[in-house]
Amino acid sequence: MAELPQNWQNQPLPQPPAWLIQAVRNHAPELPGNYAAALLWYRGIQNPEQIPGFLNPKLYQPASPFEFGLEMNWAIARIQQARNSGEKVAIWGDFDADGITSTSVLWDGLGEFFTQNDQLTYYIPNRLTESHGLNIPGIDALAKSGISLIITCDTGSTNIAEIEYATSLNIDTIVTDHHTLPDDRPPATAIINPRYFPPNHQLFNLSGVGVAYKLVEALYHTLPDIPQRPLTDLLELVAIGLIADLVQLTGDSRYLAQIGIEQLQKQLANPTRPGVAKLLELCKRSGDRPTDISFGLGPRINAVSRIQGDANFCVELLTSRDKKRCEELANLTEIANSRRKSLQKDVAKDAAHKLAKLDLSTTSVIVLSDPQWPVGVLGLVAGKIAQEYGRPVILFSTEGTEEINTNLPETHLIESLEAKSQTLSQSKIARGSARSANQIDLYQLVKDQAHLLHRFGGHPFAAGLSLPVENIPLFTDAVNQQLRQQYSTDSLTAVTVQADLTVTVSELGKELFQELKLLEPCGMGNPAPKLLIENCWFKNIYNRNIKDLKGKEVKYIKTSFEICDESSDTGFPGIWWEHYRDEIPESRCDAIVELDFNSYESRYEVPHYEVRLIAVHCRTEEGKINSPTPIDWIVDWRNRNNDAELLAASTNLESPMSAENLVYNSEKVDRENSIVLKECPASWDELRIWFRQAQHTQKKLAIAYTLPPLVPPQQICQQLIGIAKYLSRTKKPVTRQQLRQKLGISDTSLQLGFKTLTYLGFKINYRDRAFHITRQPETAHREDAPEHFPQPLLDSQSIQFSVPNSPIAARFAAQFLAALSEEQFRRKYFCEVPLSTIQSIARETVFQEDSTANPF
């Protein structure tokens, strides 16, 4: 067997006991059962009494809803009181798929006991303006409409202050939720939350929709003669919420998902919920597979709030029986999902550029922010980065905040910050999403920084938070320091890809699929089996942009292919989401895939089995994992001033030497077939971008940078202030490149320099491809400065560096100086690091070019 990449694992499955193989065969007599039995044993499903209920939901004994004890009794008593007294009740939901389905379950379930739109209403916060959980304005609105009882779903456990406020307005609250509980119990009438159970309890892993279902189930048991519709009518909604929320599908969670999928797959033939049926049609799914939810229905429901904030119509989509109205709403959902895909790709690309400027050797928690990022897609992008880099990722949108971004496109206007001191209550708020990896408890990590936060809530592996923008640097330092104290940095690696089985292409198909399907529904704690195919190759590779309902291409790529090996004369179809065809190697490979079946497409053609590519690595004929080309494509011309200048000149199309080849000590560099790196990098991640570009374009990388004279950081700061004074007086523009060349600094440091200038009373605008710097009238004063530009802009000895009596200005100036010092240290390092080290990092980068699929 070939040597696997560092983040791949393929441990041989144990031989399961004979009784387990027989138990599998008893359930599925037509299958061998060996693979399924081995996987069950390896994943800890080893109790003989547990196996029948795991494989067949009809043999599983679900927990009674009254296992929630007094809390459930209190909730049912309060609901009965509201019904008997004719009170008005509001469901307070959430805007993600679990929250929308939870609201829908309560809307339909409680709607059997209360008149909808009269006694019963629902409220879902706007994702873009309100965030998760209860809030005071929403409670005020409900109070004005006469609501006396709020029943939350998928939220509320941490809203102590808001529940106290509702109580002061004579509104009682019943909380149904599954998020982490606070130390203090909220003053609610009842709190139905499975987190009160021990982790091995069969109800512990219920998501919000599962808890909502249990409340309705208890009400059905208490008042059995009132409901007109059976409880089972809610199960397809329960399955959607459970699988979309990525909770561990064990115990009652697995059971409800199993029987819910049985209900869901009936929707296309007999649509009792026309909105669900239309969504299945739009995503070309039949509803009989967990992936129909995780890759089809779930992302579409989530997309509405991600794109437009208000997701209220999604409840109508899932619960209305009006076919025409549901088709209209489903089409709106599909359009939102297409837009979400496009925005997600844009943010991911932008985040990649920011990541390149981080030194991951000193970064334990990745924290990035941008004023242009839409809040709705941050969690999706953070999750992908967390998987790739194996550490927590927190992305913030600072949209509308006072932030200068010198990396904006040249058509954008860069507005300045006004020099002023702000109290915390006046601070602009950044909103973010966090995702974790490698079993790092993100919830506790962030919760410990509560003094820096505005709001926070979530799970150990996913959270939403907000904080004053000026606290982001302090928060970043704090979470990084805490993680380094609590976890080994050795664990901060790309998330391990675990291959469960080694198979050949000839084994792919119906029998293997049916055997692996016995483990479904798969999810957290029971992932879909991953298959290792060794010494394979790909053919008939092509990629295309996905199109929306109107036929317009969405910036979201899917590559199709056939995977082949020596075991079969024919290839097997497959797809790789969000990857281009040229990312699939041309040589022999090892690949990790998941086997899937699309019953929707199979209605019109032969059974449509396919694999989803998860990761791929090249291998040489000797069977060793290797890069597609040897590391002989890096030419080292560092610190060779004359030759570096000559090489740089050769890349200038106006130079008479632009068509010539250059030679230095037998090193030949062809301008047309080379990438020339003339600016010294400040991190390995920045250099890795150039490695990837050279490898993908099959060009040489000529490292032709030279360390400039190191100017003391304070002198650079003095120069920047002098330039600003000169330009504000002469009204002359200056380009970013002119500033960077004159000061010898990066875009990142220049951005901090601009922030310092704004708090010193300057205003910076960007237009016509140049910066225009002016002095605020109240702070402008006459000082000596050079008379023309671009000759030496100032004599640093004649400018006194003084900062006004402003703690904010002093802080930004200190950050600017610190950034300059750090940048100079890094550039010096990259001018001196041995070529062998660079080649080693390049080899490692090329080897790790694989990534997990993202099939939303």
So, does [X] use its side chain to make a donor-acceptor pair with the main chain of [Y] at under 3.5 Å?
X      : Y      : answer
Thr121 : Asn117 : no
Glu316 : Arg325 : no
Ser433 : Gly464 : no
Asn302 : Ala97  : yes
Asp98  : Val209 : yes
Glu236 : Ile261 : no
Ser305 : Asp310 : no
Ser320 : Leu317 : no
Thr115 : Gln119 : no
Asn331 : Glu328 : no

**Prompt:** On the ring face of Phe204, is Arg195 found with NZ or CZ under 6.0 Å from the centre and within 45° of the axis?
**Reply:**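 Yes, a cation-pi geometry holds between Arg195 and Phe204.
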
Check the side chains of [Y] and [X] for a donor-acceptor pair under 3.5 angstrom, ignoring hydrogens and angles.
X      : Y      : answer
Asp177 : Thr155 : no
Ser148 : Glu87  : yes
Gln267 : Thr272 : yes
His178 : Asp154 : yes
Asn312 : Tyr123 : no
Asn205 : Ser253 : no
Thr319 : Asp108 : no

Side chains of [X] and [Y]: does their closest heavy-atom pair fall under 4.5 Å?
X      : Y      : answer
Val377 : Arg340 : yes
Val479 : Pro392 : no
Thr222 : Gln80  : yes
Trp92  : Thr103 : no
Ile100 : Val304 : no
Thr173 : Thr152 : yes
Leu264 : Leu297 : yes
Gln308 : Phe313 : yes

**Message:** Using 30° and 60° as the class boundaries, would you call the ring planes of Phe113 and Tyr220 parallel, tilted or perpendicular?
**Reply:**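 Aromatic pair Phe113/Tyr220 classed perpendicular.
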
**Request:** Look at the aromatic rings of Trp107 and Tyr122 and report parallel, tilted or perpendicular, splitting at 30° and 60°.
**Result:** perpendicular

What pair of heavy atoms forms the shortest contact from [X] to [Y], and how long is it?
X      : Y      : result
Ile147 : Ile171 : O-CG1, 3.4 Å
Val381 : Ala348 : CG1-CA, 3.9 Å
Gln202 : Ala63  : NE2-N, 3.2 Å

**Item:** Salt bridge Glu334-Lys278, side-chain N to carboxylate O under 4.0 Å
**Value:**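 Salt bridge between Glu334 and Lys278, a charged N being under 4.0 Å from a carboxylate O: no.
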
**Salt-bridge criterion met for Glu67 and Lys214 (N-O under 4.0 Å)** =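 No salt bridge links Glu67 with Lys214.
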
Please report the interatomic distance [atom1]([X]) to [atom2]([Y]), rounded to the nearest 0.5 Å.
X      : Y      : atom1 : atom2 : result
Leu395 : Leu378 : CG    : CG    : 5.5 Å
Ile76  : Arg83  : CD1   : CZ    : 12.5 Å
Ile192 : Leu206 : CD1   : CG    : 11.5 Å
Ser436 : Leu445 : OG    : CG    : 8.0 Å
Leu234 : Leu318 : CG    : CG    : 12.0 Å
Cys314 : Ile124 : SG    : CD1   : 7.5 Å

**Item:** Near-ring test His179/Tyr443, centroid separation under 6.0 angstrom
**Value:** no

**Asked** Among Ile429, Val446, Leu453, which residue meets the side-chain contact (heavy atoms from CB on, under 4.5 Å) test with Leu467?
**Response**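 Exactly one option meets the side-chain contact (heavy atoms from CB on, under 4.5 Å) with Leu467, and it is Leu453.
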
**Item:** Heavy-atom neighbours of Asp118 CG exceed 12 at 6.0 Å
**Value:** yes

**Message:** Evaluate Gln444 against Lys447 for side chain to side chain donor-acceptor pair (under 3.5 Å), listing each step before the verdict.
**Reply:** CA-CA 5 Å; Gln444 192 60 46; Lys447 181 184 176 184; 4.8 Å; no

**Message:** By the definition ring pair (Phe, Tyr, Trp, His ring centres under 6.0 Å), identify the one residue from Trp74, Tyr196, Phe197 that meets it with Phe68.
**Reply:**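 The passing option is Phe197.
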
